[in-house]
Amino acid sequence: MELTKERFIRDFKDILHERQLIKVADATSVELFQALASTVRKYITPLWLERRNQLIEQQQKTAYYFSIEFLPGRMLETNLLNLGILDTVKEGFAELGVDFEDVKNAEYDMALGNGGLGRLAAAFMDSLATTGYPGFGNGIRYRYGLFKQRIVDGYQVEIPDAWFGSLGNVWETRKDHDIVDVKIFGNVSLHANEKGRIVPLYENSKILRAVPYDVPQIGFGNDTVNNLRLWDVEIPEEHELDYPTIEARRRVQDITAILYPDDSSYEGKELRLIQEYFMTSAGLQTIIKSYLKQGRPLKDIHEKVSVHINDTHPAVAPAEFMRLLMDEYDLEWADAWNATVKTMSYTNHTILSEALEKWDAELFKNVLPRVYQIILEIDNRYVAEMAGRGLDPQVIENTRIVKDNQIHMAHLAIIGGHSINGVAKLHTELLKEDTLRDFYSIYPEKFNNKTNGIIQRRWLQIADQPLSAEIDKLIGKGWRSDIHELRKLLEFKDDPQVLGDFYRVKQEAKARLADFIKESTGAEVSTEAIFDVQVKRLHAYKRQLLNLLHIIKLYWDLKDNPNKDMVPRVFIFGAKAAPGYHFAKSVIKLINEVANLVNKDESLQGKLKVVFLENYRVSLAELIIPAADVSEQISLASKEASGTSNMKFMMTGAITLATLDGANIEIKDEVGDDNIVIFGMDKDQVYKHYARHDYYSRGVYESNPDIRRVVDTFVNGTIPNVREEGSEIYEALITHNDEYFLLEDFHSYVEAQEKIDALYRDKEKWARMSLINIATSDKFTSDDTIEQYAKEIWNLEK
Ligand code: 26Q
């Protein structure tokens, strides 16, 4: 949009005076933020309305992205950038004497997600608007987002995240006219109505009110505004007698109270099922209503609507859609099923078996009696159809939805939809060959890959402005709207001047992070050191512990030989552990105590520092990632579906130290073998161990004195205050046979780290690698990922 500085200043002052009754000079940064956000909203409103009208008029096919998590982080700067008014606002603020950074930092992260899956959903919202496709999000307006993490005595402490606090969420708009009801519990019996149709009769069910709050999603430079719809729950006034106690009312409010803080693990909790159904049913109901306004037949709804199921959390969608089409809108089974399968599509985000959602049939039936009946019917018809095709009975049994008294949500999503995709090449291959092999044999045409992506605007333009400015100087600003122009940087890969400038920009980012580290932890770190970073959720398969084993090895090396020739290293961690994940919490404690041990030890001459930054979140990532020299992507091969932080590090010029897992493989394909450091077993070697059952970690431990020395450190009193945690970790590695093969990959990892040390000594060579990483990172823009979803899965037009 067009905006002059003068006009902005006037609008901003008006709103500040009107809303806060205060002058600029007296306002706090929170008040300034609120006023600025309100100003932005004012600018968005006409575009938002126009978009709505345009979509209604043109009757374009629309995709709805159903996700139990959305993790946008802060939205102010992205909104300004996408509207094309970021520079104007900054200039205006300079004139008003307001520090833009302070105001920006006053915004709370919107953290309605755990990690990769939620962050990807938020990225897709931005990319849908940016590419101009009609694509809307559908999720839950949690009152508490992902917990805030504090570290106390080295332990993780969780604090509730009351993210919209007392001020409310400035970006949202409540939409009373789109309120719908959602029914749960009770009994259902089937009766014939006057037309002879079988209809369900509900008794004693509970009725919930679903209230939508819409958050605008602004496209970059195209004045397009899409919608992220988040549902809140209320008690319908006309049913208030059903909730006669404070306890009963609270149970309703609980439905949207908190985001489950588990990542990659599943627990069969009733409340979680209600959350999933609540947002799915509410979303589908409004979708059908708005489709019907077009005056087209419901049985053709798939021509105008796509519903995407982000992991299995909304996978009740096919069954609920069937229920709505048949029970509420009188469609016959065959028409309803045809429309359902053509409407639904599903993304799988993990092959870890503990993450696959399976609901206990009794629990499911109790919460969703009618949907349960429909699932049984879908399952029966599936079995009959497959038997009719002469399919191997074992394959049918493996793939059916209801078995062993459990409902397999992934199976429902695959059978009830037309597309299933993985999130990186390797991941999709593993789904086809292994996890979902039987389904692949039945429906090969449903399987496809969509490698994840990231929003380059947030990670390069916003998070790394100095680097962006440097790039502008070399290749102009075209890359800011066409990321593929980044490849032009390759022309400069042998230009010592350019490489020197890139090196300097990285050092500046490191200096900013070093200041923050000093401020938040007290640790002093030198920017001459290699900044070696691992930030992501804490999980055994991601192997933060392998990183720690290497740190302990370096500690002993330096103790043995204080003059060891090594480039100083700062190991930086950021990670939240699921509150009930004991092992992960022990690893956090150990990292912190190793930090205490090494950071204070003068004999190490500052060559080794360890920093754990608390409360890792999107806004902290924006500070940390541009400052990394080394990106640790060290999951056991086959376990990390894709990873997305790996892409962010690459884009801001870190060198990836990685296993051949997830999207690391595709990063390697882009940068070439010389510009990445790969180590460890590949997926075939891992699978061989599984097949042969021949891994014996105690054997590795006993026959390798260096490994023994490192592992023994956990239990011999070297690390202070870790008696319990140390022995737990020791047990996991030695007694419980080291589930993620840390000891097997240890030597290869140490060698890779030595290679990093050697490479870093040649500054020019390092800077060249860094430049090549940046130049080829265009491959991972989520704008392209969304183009692929839109064309290949959803069949959208612009
Ligand atoms: C399920 C049931 C009950 C409670 C919680 C959950 C739950 C919640 C979140 C299960 C899984 C998740 C999150 C999974 C996730 O983030 N997976 C990551 O997805 C990224 C985007 O595709 C990939 O890059 C990562 O590799 C993958 O780990």
Side-chain angles (χ1 to χ4, degrees), residues 65 67-71 111-124 139-140 142 145-147 258-277 279 308-316 346-360 363 407-410 421-428 430-431 449-455 535-543 575-581 633-649 658-659 661-667 780 782 785-786 789:
Y65 197 82
S67 178
I68 200 116
E69 303 192 359
F70 286 94
L71 179 48
L112 309 186
N114 273 285
L117 171 146
R119 181 62 215 148
L120 186 76
F124 282 180
I140 296 178
Y142 301 104
L146 185 61
F147 64 86
I258 64 150
L259 164 75
Y260 272 82
D262 294 300
D263 174 281
S264 313
S265 81
Y266 150 79
E267 263 186 287
K269 293 262 170 58
E270 183 180 277
L271 183 60
R272 173 76 177 190
L273 178 62
I274 296 173
Q275 285 188 333
E276 297 181 353
Y277 179 70
M279 71 134 196
H308 200 79
I309 301 170
N310 192 31
D311 217 277
T312 54
H313 319 135
V316 67
Y346 153 66
T347 298
N348 173 290
H349 291 266
T350 185
I351 61 162
L352 300 182
S353 56
E354 65 266 32
L356 297 179
E357 273 189 307
K358 303 179 204 70
W359 291 102
D360 178 69
L363 169 80
I407 306 193
H408 292 247
M409 299 310 281
N421 73 282
V423 290
K425 273 187 198 155
L426 175 71
H427 172 57
T428 301
L430 287 169
L431 292 179
N449 176 248
K450 297 285 170 282
T451 298
N452 284 167
I454 59 171
I455 298 286
V535 284
K536 46 183 81 256
R537 282 300 286 258
L538 213 138
H539 202 293
Y541 82 81
K542 295 178 188 280
R543 302 201 294 188
K576 288 179 181 174
Y581 191 173
Q633 308 299 337
I634 61 177
S635 54
L636 176 67
S638 78
K639 299 298 181 215
E640 189 70 271
S642 161
T644 41
S645 74
N646 46 2
M647 302 168 183
K648 299 165 195 167
F649 282 104
T659 49
D661 200 14
N664 302 343
I665 295 173
E666 287 155 83
I667 291 178
F780 299 104
S782 53
T785 311
I786 272 299
Y789 275 88

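Ligands are counted one by one from 1 in listed order, and the atoms in each one are counted from 1 as well.
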*Tyr541 side chain near Leu636 side chain, heavy-atom distance below 4.5 Å*: no

_Out of all atoms in ligand 1, which are within 4.0 Å of some heavy atom of Asn452? Include the element for each._
21 (C), 22 (O), 23 (C), 24 (O)

*Gap separating the CD1 atom of Ile665 from the CG atom of Leu426, nearest 0.5 angstrom*: 4.0 Å

*Can you tell if the side chain of Phe147 reaches within under 4.5 Å of the side chain of Ile258, non-hydrogen atoms only?*
no

_Using heavy-atom distances only, which candidate in Lys639, Lys536, Arg272 approaches atom 4 (C) of ligand 1 most closely?_
Arg272

*asked:* For Val423, run the side-chain contact (heavy atoms from CB on, under 4.5 Å) check against Thr347, Thr428, Thr350 and tell me which one passes.
replied: Thr347

*In the protein, what heavy atom is nearest to atom 11 (C) of ligand 1, and what distance, to one decimal place, separates them?*
Ser264 N, 3.1 Å

_For Glu69, the ligand 1 atoms whose distance to one of its heavy atoms is below 4.0 Å_ = 8 (C), 9 (C)

*Where Leu146 and Gly113 come nearest, the two heavy atoms and their spacing*: CB-O, 3.6 Å

_So for ligand 1, is Glu267 a polar contact partner (N or O within less than 3.5 Å, distance only)?_
no

*Asp262 heavy atoms, cut-off 4.0 Å: which ligand 1 atoms fall inside?*
5 (C), 7 (C), 8 (C), 9 (C)

_Contacting atoms of ligand 1, where contact means under 4.0 angstrom from a heavy atom of Val423_ = 22 (O)

*Check: His308 ring centroid to Tyr789 ring centroid under 6.0 Å*: yes

*Evaluate the side-chain proximity of Tyr142 to Ile68: yes if any heavy-atom separation is below 4.5 Å, no if none is.*
yes

*Report the nearest protein non-hydrogen atom to atom 26 (O) of ligand 1: residue, atom name, distance rounded to 0.1 Å.*
Glu640 OE1, 2.6 Å

_Numbered atoms and elements of ligand 1 in range of Gly643, under 4.0 angstrom, heavy atoms_ = 23 (C), 24 (O), 25 (C), 26 (O)

_atom 15 (C) of ligand 1 - nearest protein heavy atom and its distance_ = Leu117 CB, 3.5 Å

*Would you say Ile667 and Phe780 make side-chain contact, with heavy atoms under 4.5 Å?*
yes

_I need the atoms of ligand 1 closer than 4.0 Å to a non-hydrogen atom of Tyr541, numbered in the order shown._
28 (O)

*Distance filter under 4.0 Å to Ala641 heavy atoms, resulting ligand 1 atoms*: 26 (O)

_With a heavy-atom distance limit of 4.0 Å, tell me whether His313 approaches ligand 1 through its side chain, its backbone, both, or neither._
side chain

*Not counting sequence neighbours, which residues clear side chain to side chain contact (heavy atoms under 4.5 Å, CB included) with Glu270? List them please.*
Phe185, Ile274, Leu363, Asn366, Val367

*Starting from atom 22 (O) of ligand 1, which protein heavy atom do you reach first, and at what distance in Å?*
His349 ND1, 2.6 Å

*Asn114, any N or O under 3.5 Å of ligand 1 N or O*: no

